Amino acid sequence: GGRTDYRPVATLGTPTLSDPSSPDAKAISTMAAKFALIGRELRVIPKAGRTHFEVRRWKEGHTCSTEADLHGLLRQFEAAA
């Protein structure tokens, strides 16, 4: 299998994150920091003109298609920590 080239949240040029001062970019960056505090990595993946989010830890990964789903996943992980 091929390897996907993921880029860190701060360097993405996706519509959601292209302007670092936008509320969306700030919210995603804040969530990335919160996921990092519980040992997980948030990746932003542009797919088919939309932005998807992947939260990874070791070989485990969860994909979310909306920010609301991402918030829910964060709450789940925080409750389990």
Side-chain angles (χ1 to χ4, degrees):
R3 187 171 176 186
T4 305
D5 180 28
Y6 295 104
R7 294 174 282 161
V9 172
T11 62
L12 285 170
T14 63
T16 309
L17 302 175
S18 60
D19 178 3
S21 65
S22 75
D24 290 338
K26 288 180 182 179
I28 298 301
S29 294
T30 299
M31 278 195 285
K34 288 180 178 182
F35 277 113
L37 287 172
I38 56 173
R40 298 183 186 270
E41 177 187 9
L42 172 60
R43 296 176 178 180
V44 180
I45 307 165
K47 273 188 184 174
R50 297 191 63 210
T51 300
H52 294 285
F53 306 96
E54 184 179 71
V55 177
R56 298 193 55 79
R57 181 178 186 181
W58 302 309
K59 293 185 179 189
E60 175 189 349
H62 300 273
T63 303
C64 300
S65 57
T66 67
E67 286 184 46
D69 292 342
L70 193 59
H71 280 284
L73 185 62
L74 178 60
R75 282 192 302 272
Q76 261 186 328
F77 288 143
E78 287 176 332

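Values reported hereafter were calculated over all heavy atoms of this structure, with side chains retained and with hydrogens, waters and symmetry mates removed. For clarity, every value in this text was computed on a predicted model and none was experimentally measured.
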How many angstroms lie between atom OG1 of Thr66 and atom CZ of Arg50, to the nearest 0.5 angstrom?
8.0 Å

Scan for side-chain hydrogen bond (donor to acceptor under 3.5 Å, both in side chains) pairs involving residues 71-81, sequence neighbours excluded, and state none if there are none.
none

Got a sec, which pairs hit salt bridge (Lys or Arg N to Asp or Glu O under 4.0 Å) with one end in residues 57-66, sequence neighbours left out?
Arg40-Glu60

Do Val55 and Leu74 come within less than 4.5 Å of each other through their side chains, counting heavy atoms only?
no

About how many Å separate SG of Cys64 and CD1 of Ile45, when rounded to the nearest 0.5 Å?
10.0 Å

Below 4.5 Å, heavy atoms only, C-beta onward: do Phe53 and Asp69 meet side chain to side chain?
no

A side-chain contact here means heavy atoms from C-beta on lying under 4.5 Å apart; do Leu42 and Leu70 qualify?
yes

Closest heavy-atom pair and its distance - Ala27, Glu67
CB-OE1, 4.2 Å

Can you list the residues that meet the ring-ring contact (aromatic ring centres under 6.0 Å, His included) rule with Phe35, with sequence neighbours excluded?
none

